[in-house]
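Worksheet: one structure, shown below.
Not measured: the values here are computed from a predicted model.
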Amino acid sequence: MGASQAVRTFSPSSTSVGARSCRVLAGPASRRASRALAAPPPPRAVASSRAPLVVSSPPPPAAGSGPPAPGSAHAKVDRSGRFCSPRAARELALMISYAACLEGADVVRLFDRRISARREPGYVFDKACLLSYNHMSFGGGPLEVGTEEEAEKLTSQNEKDSANEAEVLSAPPKLVYNNFVLRLSRELLVAVASGWDKHVDIIDKIIPQAWKDEPVARILELCILHIAMAEMTSKGTPHKVVINEAVDLAKRFCDGGAPRVINGCLRTFVKDHVDTAGTSQAAESKA
């Protein structure tokens, strides 16, 4: 499953940020998408939807708004301190799929190689990183701050979050994910590999032309589509759950328009392929 297969009808492209009348600072987690998927070997930079910080008069806080409950948006860990949620499994599957496309490697073999890789002598992983890791850190519109000092504070926090995220996602998987997550992630990758050729043809018909004109720049989005389609057809997960999870992955790691496109593509896939297949199978079973 080489990169050429993943993007066989695509051509390079790049994204840019439009000019603003006021000074644009480094946005919160603006570099996270490229660093978050930087498990060895480090991949190319990935376009991110992280918003820039704009120094201006901030809008008044919404009525009733307040700080989120501690840990409400953070990753779920089990008693051993490892990630234990299906979302973590999908994120790991995305990381492996993306790296496999860049390396031209088989996704399952790459997963097994990462799992069995020996740790470097003296390597120590601080599990406290997992408690600070946020699976729900999404992009959005520009963040407005009132002063330079506030902008610097947010930028500094972004750097810390980015470093923490890179530390987590580049650590040996067995230190980060529990057995349930590792097993589910591998099952998803097996399904991705077995359905790859079929789904490539489907994806080529439902993605917009703009994506077909951008080869390597859209590998990440295509991996999200492959994982979602594989989960729908192999795991029996409710379609709405799979689509929502795929959109959330796109919000975290892709550019601003990707979540909407992925949502539309997967809904088309369900309508034209998954629902049709389910109806046919039900009719055959009754017969």
Side-chain angles (χ1 to χ4, degrees), residues 1-10 37 46 85-111 135 181-212 214-255 257-282:
M1 190 198 313
S4 59
Q5 291 177 283
V7 293
R8 66 183 180 186
T9 61
F10 305 88
L37 297 175
V46 181
S85 68
R87 173 163 291 193
R90 296 183 185 99
E91 194 172 90
L92 176 59
L94 174 61
M95 180 174 66
I96 297 296
S97 297
Y98 179 73
C101 284
L102 296 182
E103 296 180 22
D106 177 85
V107 288
V108 180
R109 291 179 182 176
L110 179 59
F111 176 88
H135 282 297
V181 171
L182 294 175
R183 182 172 62 253
L184 176 56
S185 184
R186 192 180 192 279
E187 289 173 355
L188 290 175
L189 292 174
V190 169
V192 166
S194 63
W196 183 267
D197 291 338
K198 178 182 178 180
H199 291 156
V200 162
D201 292 334
I202 294 173
I203 289 172
D204 192 52
K205 295 176 182 178
I206 62 178
I207 59 175
Q209 185 62 43
W211 284 23
K212 296 180 182 182
E214 305 177 70
V216 181
R218 294 299 177 180
I219 292 179
L220 192 57
E221 289 86 342
L222 296 177
C223 287
I224 293 175
L225 288 174
H226 273 287
I227 292 169
M229 290 177 178
E231 183 172 359
M232 287 184 194
T233 55
S234 69
K235 301 297 294 180
T237 310
H239 305 156
K240 289 183 179 180
V241 173
V242 177
I243 292 174
N244 288 339
E245 290 293 313
V247 169
D248 283 349
L249 282 175
K251 288 179 180 178
R252 264 180 68 67
F253 297 117
C254 304
D255 65 34
R260 176 182 55 81
V261 174
I262 286 176
N263 179 67
C265 288
L266 291 178
R267 290 184 181 278
T268 300
F269 174 72
V270 169
K271 178 182 177 182
D272 295 345
H273 300 278
V274 179
D275 284 347
T276 302
T279 302
S280 300
Q281 290 175 0

Nearest 0.5 Å, please: how far is [atom2] in [Y] from [atom1] in [X]?
X    : Y    : atom1 : atom2 : value
E214 : I219 : CD    : CD1   : 12.0 Å
E231 : E245 : CD    : CD    : 8.0 Å
I202 : M229 : CD1   : CE    : 6.0 Å
I224 : S97  : CD1   : OG    : 10.0 Å
Y98  : E103 : OH    : CD    : 11.5 Å

Note, [X] side chain near [Y] side chain (heavy atom, < 4.5 Å):
X    : Y    : result
D248 : R87  : yes
H239 : V274 : yes
V192 : V108 : no
L92  : M95  : yes
C265 : I203 : no

**OP:** Verify side-chain contact (heavy atoms from CB on, under 4.5 Å) between M232 and L266, making sure each step is shown before the conclusion.
**Re:** CA-CA 10 Å; M232 287 184 194; L266 291 178; 4.3 Å; yes
Where do [X] and [Y] come nearest, in terms of heavy atoms and distance?
X    : Y    : result
L188 : R90  : CD1-CG, 4.1 Å
A191 : S194 : O-OG, 3.1 Å
A228 : V242 : O-CG1, 3.4 Å
L110 : I96  : CD2-O, 3.6 Å
R109 : D106 : N-OD2, 2.9 Å
I262 : A246 : CG2-CB, 4.1 Å

Original post:
Do the ring planes of W196 and H226 sit parallel (below 30°), tilted (30 to 60°) or perpendicular (above 60°)?
Top reply: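 Parallel, since the angle between the ring planes stays under 30°.
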Subject >> Residue list, side chain to side chain contact (heavy atoms under 4.5 Å, CB included) with A89, at least two apart or on another chain >> reply: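 For A89, the residues satisfying side chain to side chain contact (heavy atoms under 4.5 Å, CB included) (neighbours in sequence not counted) are V181, L184, S185.
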Original post:
Which residues satisfy the side chain to side chain contact (heavy atoms under 4.5 Å, CB included) test with T268, sequence neighbours excluded?
Top reply: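 Side chain to side chain contact (heavy atoms under 4.5 Å, CB included) list for T268, sorted by chain: I206, D272.
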Original post:
So V261 and I207, side-chain contact (heavy atoms from CB on, under 4.5 Å) or not? Walk me through it.
Top reply: CA-CA 8 Å; V261 174; I207 59 175; 5.7 Å; no
**OP:** Start with the C-alpha gap between T233 and H199, add the side-chain angles, then the distance that decides, and say whether side-chain contact (heavy atoms from CB on, under 4.5 Å) holds.
**Re:** CA-CA 11 Å; T233 55; H199 291 156; 4.0 Å; yes
Subject >> Donor-acceptor under 3.5 Å (N244 side chain, K240 main chain) >> reply: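 Yes; judged by distance alone, with no hydrogens or angles, the pair exists.
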